[in-house]
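From a predicted model like this one, the values you see are computed outputs, not experimental measurements.
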Amino acid sequence: MEREIMSRQDLHTFGLEVLVKWLEKNGYEIEFVNPVVDMLPSVFANRFDGLTVIAAATTMYPERPEFNESDKPALMDVCKELNAKLAFAGIGLVNGEGIPTQDKELMGKAYKDAKFMADFGGLKYIE
């Protein structure tokens with residue numbers, strides 16, 4: 001039986017789940033989550049130090065999520081309007097099934113029924 005692969009939207013949704021859990025664990029109150037993969041900003045989160053507008057990107061191993069500089073002007077406009085900070089959340093996912101044997105091909109497969117490990121080191125603020 002062939003295993004089903006996640007779509008880009010599925011990956012984005014999964015990455016947002018990882019991000020929201022991290023934000024809540026780190027004292028953020030989630031104001032809004034935009035679930036659409038190609039629409040920014042992804043999350044509005046509030047904490048004692050103010051509102052943060054977050055652009056999120058989720059990728060599968062071996063890719064690394066990167067901030068798209070072409071999105072910066074529009075995002076900075078939103079931040080200016082809301083007196084908020086801008087941050088990037090890059091969530092890298094690895095299929096955990098491939099880790100014990102270091103099977104790099106399997107580590108990069110986004111099977112819907114797989115167990116994943118997330119590589120997320122926190123928000124990167126953008127000036």
Side-chain angles (χ1 to χ4, degrees):
M1 182 170 122
E2 194 167 320
R3 295 172 77 181
E4 193 174 352
I5 298 281
M6 281 195 235
S7 67
R8 279 184 63 236
Q9 180 64 55
D10 293 334
L11 278 174
H12 178 69
T13 300
F14 188 80
L16 288 178
E17 290 173 17
V18 169
L19 173 60
V20 166
K21 285 179 187 172
W22 184 91
L23 290 167
E24 290 174 340
K25 183 179 173 186
N26 286 277
Y28 288 87
E29 181 179 323
I30 308 306
E31 301 291 334
F32 175 76
V33 176
N34 181 354
V36 181
V37 69
D38 290 322
M39 290 187 68
L40 293 173
S42 305
V43 177
F44 289 83
N46 218 333
R47 195 166 72 160
F48 62 86
D49 57 350
L51 183 65
T52 302
V53 173
I54 304 166
T58 305
T59 59
M60 278 302 297
Y61 175 88
E63 292 180 39
R64 292 276 192 202
E66 294 182 9
F67 180 70
N68 186 345
E69 285 292 328
S70 67
D71 294 328
K72 186 176 178 179
L75 289 167
M76 292 302 285
D77 286 346
V78 170
C79 289
K80 187 175 183 178
E81 205 173 298
L82 299 173
N83 193 29
K85 293 175 279 189
L86 175 61
F88 173 68
I91 302 108
L93 299 177
V94 177
N95 182 332
E97 296 170 14
I99 293 174
T101 59
Q102 291 298 296
D103 182 336
K104 294 184 187 298
E105 185 176 340
L106 182 55
M107 288 167 44
K109 295 287 185 187
Y111 294 125
K112 283 190 173 186
D113 63 346
K115 300 255 189 244
F116 295 94
M117 293 187 68
D119 180 11
F120 177 64
L123 299 177
K124 293 184 175 95
Y125 287 89
I126 297 167
E127 300 290 325

Remaining members of hydrophobic cluster (4.5 Å side-chain criterion), [X]:
X: Leu11; value: Met6, Phe14, Leu16, Val18, Leu19, Val20, Trp22, Leu23, Tyr28, Ile30, Val33, Val43, Ile54, Met60, Ile91, Leu93, Phe116, Phe120, Leu123, Tyr125
X: Val36; value: Met39
X: Met76; value: Phe32, Leu40, Phe44, Leu51, Val53, Phe67, Leu75, Val78, Leu82, Leu86, Phe88, Ile126

Practice problem: Give a yes or no answer on whether the side chain of Glu4 reaches the backbone of Lys112 with a donor-acceptor pair at less than 3.5 Å. | Solution: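 No, Glu4 side chain to Lys112 backbone: no donor-acceptor pair under 3.5 Å.
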Quiz prompt | Main-chain N/O of Lys109 paired to Asn95 side chain as donor or acceptor, under 3.5 Å | solution = yes
Show me the donor-acceptor pairs within less than 3.5 Å that the side chains of residues 99-106 make with the rest of the protein, sequence neighbours left out.
residue: Gln102; atom: NE2; partner: Ile99; partner atom: O; Å: 2.9
residue: Asp103; atom: OD1; partner: Glu105; partner atom: N; Å: 3.2
residue: Asp103; atom: OD1; partner: Leu106; partner atom: N; Å: 3.0
residue: Lys104; atom: NZ; partner: Tyr61; partner atom: OH; Å: 3.3

Quiz prompt | CD-CG distance between Glu29 and Asn46, expressed to the nearest 0.5 angstrom | solution =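 With rounding to 0.5 Å, CD (Glu29) is 6.5 Å from CG (Asn46).
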Quiz item: Can you tell me how far CE of Met117 sits from CD of Glu97, rounded to the nearest 0.5 angstrom?
Solution: 13.0 Å
Practice problem: Quick one: list whatever passes side chain to side chain contact (heavy atoms under 4.5 Å, CB included) with Asp113, sequence neighbours left out. | Solution: Arg3, Tyr111
Quiz item: Could you give all pairs that pass the salt bridge (charged side-chain N to carboxylate O under 4.0 Å, His left out) test and reach residues 44-73, with sequence neighbours left out?
Solution: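 Qualifying pairs: Arg47-Asp49, Asp49-Lys85, Arg64-Asp119.
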Quiz item: Do you know the tightest heavy-atom contact between Ala57 and Pro65?
Solution: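 Smallest heavy-atom distance, with atoms named: O-CB, 3.6 Å.
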Quiz item: Taking side chain as C-beta onward, heavy atoms only, is Ser42 less than 4.5 Å from His12?
Solution: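 Contact flag for Ser42/His12 side chains = yes.
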Self-check item: Pair Asp10-Thr13, side chain to side chain donor-acceptor pair (under 3.5 Å): steps then yes or no
Solution: CA-CA 5 Å; Asp10 293 334; Thr13 300; 5.7 Å; no
